[in-house]
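Notes for the one structure printed next.
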2 protein chains.
Amino acid sequence: MSEPDFAAVAALAGEPARAIMLATLFDGRALAAGELARAAGIAPATASAHLGKLAEGGLVRVRAQGRHRYYQLAGPVVAHALETLGAVARPVPVRSLGDALRMQRLRRARSCYNHLAGEIAVAIAQALVRHGALEPDDDGFRLGAGARPLLARIGVDLAAVVRDDRAHVRACVDWTQRRLHVAGALGAALLDALLGSGALQRRREPRALDVTPSGDALLTAAFGIDSTALDALGA
Amino acid sequence: MSEPDFAAVAALAGEPARAIMLATLFDGRALAAGELARAAGIAPATASAHLGKLAEGGLVRVRAQGRHRYYQLAGPVVAHALETLGAVARPVPVRSLGDALRMQRLRRARSCYNHLAGEIAVAIAQALVRHGALEPDDDGFRLGAGARPLLARIGVDLAAVVRDDRAHVRACVDWTQRRLHVAGALGAALLDALLGSGALQRRREPRALDVTPSGDALLTAAFGIDSTALDALGA
DNA sequence: GCAACGCTTCGTTGGCGAGCGAAACGTCAC
DNA sequence: GTGACGTTTCGCTCGCCAACGAAGCGTTGC
């Protein structure tokens with residue numbers, strides 16, 4: 001036990017070029033080695049070495065397809081670890097009004113791996129509990145009786161979620177909020193539905209999301225969430 | 001956004017000597033710089049530089065007292081991040097029967113920052129819910145009606161917990177188990193009580209805990225937990 | 001006071017690893 | 001087949017950072 005087990009993983013994720021690649025893969029996509037090299041601003045040879053180490057360390061998985069090799073995060077656990085690490089990071093000194101606004105938007109709504117996070121996500125989880133679609137559980141959440149009609153209102157087909165063999169509902173702790181929100185298959189379906197219906201919209205920054213006016217209306221109508229008053233939430 | 005926010009933290013935690021120091025601090029103690037230097041096997045000068053960086057990065061806090069400077073983790077968030085990173089680490093190749101047994105014990109019961117983790121912790125959380133001492137919540141857990149007498153059975157003085165100004169009950173996700181267990185003030189009180197009464201016992205390895213025979217009896221009597229059958233738990 | 005102690009700062013050295021270009025390997029297109 | 005492309009392997013260079021000893025600063029104890 002000379003070296004703690006987290007050290008190797010941290011060292012892998014800590015190198016700048018590798019960190020950029022991991023961040024690029026954060027949403028769960030599988031990208032070719034060349035694309036990751038370009039994203040990190042390094043030569044293909046260097047990227048290959050980095051990706052080899054990340055794979056060796058179990059942070060990414062490789063899928064060879066033709067002359068491409070597609071890399072993606074090894075699983076939600078990796079994404080969760082990166083997210084948690086980010087929560088430790090010093091609040092970035094705000095240099096400009098633009099920075100502050102960007103931060104505020106990121107706190108409000110962002111994607112976390114393949115699901116929704118931020119104040120909006122916490123509010124939705126609480127609303128789902130309040131309306132009986134979810135029930136708190138000693139394991140996080142489980143589906144409640146009123147789930148199907150309520151979820152249908154925002155365009156989530158519950159049958160498709162249940163068919164999915166992943167854990168249907170998983171809780172994810174948002175460490176900027178210290179509160180649970182919905183991950184797992186339902187979390188992914190929620191994000192897809194809200195993006196598909198135009199309620200949410202991806203911003204130019206990697207993980208940032210915007211709530212559109214129609215999204216505001218939808219969330220208010222379906223759950224009674226007033227997304228302009230979200231700051232009043234947390235404990 | 002050239003460098004992801006987790007990179008700096010990961011780089012800090014990834015350097016071997018710093019990782020050893022962080023691991024040494026993992027249980028929340030405050031240790032003097034010299035002790036950490038010895039633990040990491042480096043000269044005081046080197047340790048000082050490392051600790052300076054860790055403090056600068058917000059991973060540890062310093063408290064000067066006389067001619068000593070005591071360092072400790074900056075908070076539970078840091079411990080949680082390290083724990084989560086460890087969950088990503090490849091399952092260490094088992095080299096010997098001793099390794100396997102050590103691993104099994106660590107899965108069963110260990111300390112996580114200042115509270116109890118592992119299968120035992122998950123089982124206790126579930127039992128507390130089952131007996132009405134805790135109620136699942138969209139935020140994790142909250143105290144239930146039957147909390148006081150039940151917790152008294154295992155030597156936890158609920159009044160002392162409530163007096164504590166930390167969040168009384170917080171949920172912590174054990175990522176080797178993917179299930180919630182009790183953290184926060186109650187989590188810390190639980191660990192203290194079980195250690196104090198001899199139900200649990202620290203092993204030589206840093207975070208490992210043993211359930212003593214008297215602890216087995218106590219858990220069975222209080223909660224109906226059969227600690228020899230815990231493997232049957234998880235999902 | 002003076003000496004012992006704990007810690008930090010400074011200046012220097014040395015080794016590890018990120019980075020690249022060149023070349024080899026495999027795949028696809030025609 | 002042949003050439004273009006994506007990726008990996010190899011050999012090399014260079015910069016960064018961990019590590020140490022020595023010196024400086026504050027605290028404790030006699």
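Chain A is the first sequence line, chain B the second, and so forth, proteins listed ahead of strands; every chain is numbered from 1.
In this structure, A:H68 places its NE2 atom 12 Å from P of D:dC5, rounding to the nearest Å. The separation between A:I42 atom CD1 and D:dT8 atom P is 12 Å, rounded to whole Å. Across the protein-nucleic acid pair, A:E35 atom CD and D:dC5 atom P stand 17 Å apart, rounded to whole Å. Look at CD on B:E56: it is 16 Å from C1' on D:dC17, rounded to the nearest Å. What separates CZ of B:R63 from C1' of C:dC7 is a distance of 16 Å, to the nearest Å. Atom pair A:Q65:CD and C:dG26:C1' shows a separation of 15 Å (rounding to whole Å applied). Rounded to whole Å, atom C1' of C:dG17 lies 16 Å from atom CG of A:L51. Separating the CG atom of A:L36 from the P atom of C:dA18 is a distance of 16 Å, rounded to the nearest angstrom.
A:Y71 comes within 4.0 angstrom of the backbone, heavy atoms only, and of no base. Looking at heavy-atom distances under 4.0 Å, B:A43 makes contact with sugar-phosphate atoms alone, never a base. Among the protein residues, B:A32 comes within range of the sugar-phosphate backbone only, with heavy atoms under 4.0 Å from sugar or phosphate atoms but none that close to a base. When heavy atoms are screened at a 4.0 angstrom cut-off, B:A33 is found touching the sugar-phosphate backbone but no base atom. In this structure, A:A17 reaches the sugar-phosphate backbone alone: every heavy-atom distance under 4.0 Å involves primed, P, OP1 or OP2 atoms, never a base.
With B:T46 contributing its side chain and B:I42 its backbone, the two residues share no donor-acceptor pair below 3.5 Å. Side-chain atoms of B:T212 come within 3.5 Å of backbone atoms of B:G215 as a donor-acceptor pair (strictly under, hydrogens ignored).
Side-chain nitrogen and oxygen atoms of B:R69 include none within less than 4.0 Å of the OP1 or OP2 phosphate oxygen of C:dG6. Dashed line: the shortest gap from a side-chain N or O of A:T46 to OP1 or OP2 of C:dC20 is under 4.0 Å. At C:dC7, none of the side-chain N or O atoms of B:S48 fall inside 4.0 Å of OP1 or OP2 (strictly under the cut-off). When the side-chain nitrogen and oxygen atoms of A:H50 are compared with OP1 and OP2 of C:dG19, one or more of them lie within a distance under 4.0 Å. Between A:K53 and C:dG17 there is no side-chain N or O to OP1 or OP2 distance below 4.0 Å.
Where A:E15 and A:G66 each meet DNA chain C at their nearest nucleotide, the meeting point lying more 5' is that of A:E15.
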| Can B:R105 and B:E119 be said to form a salt bridge (charged side-chain N to carboxylate O under 4.0 Å, His left out), step by step? | CA-CA 10 Å; B:R105 290 213 191 90; B:E119 293 163 1; over 6 Å; no
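Between the side chains of A:Q104 and A:R102, no donor N or O sits under 3.5 Å from an acceptor N or O.
Scanning atom types as modelled, one donor and one acceptor separated by under 3.5 angstrom connect the side chain of A:R67 and the base of D:dC5.
Here the side chains of A:D210 and A:L200 are not in contact, with every heavy-atom distance at 4.5 Å or above.
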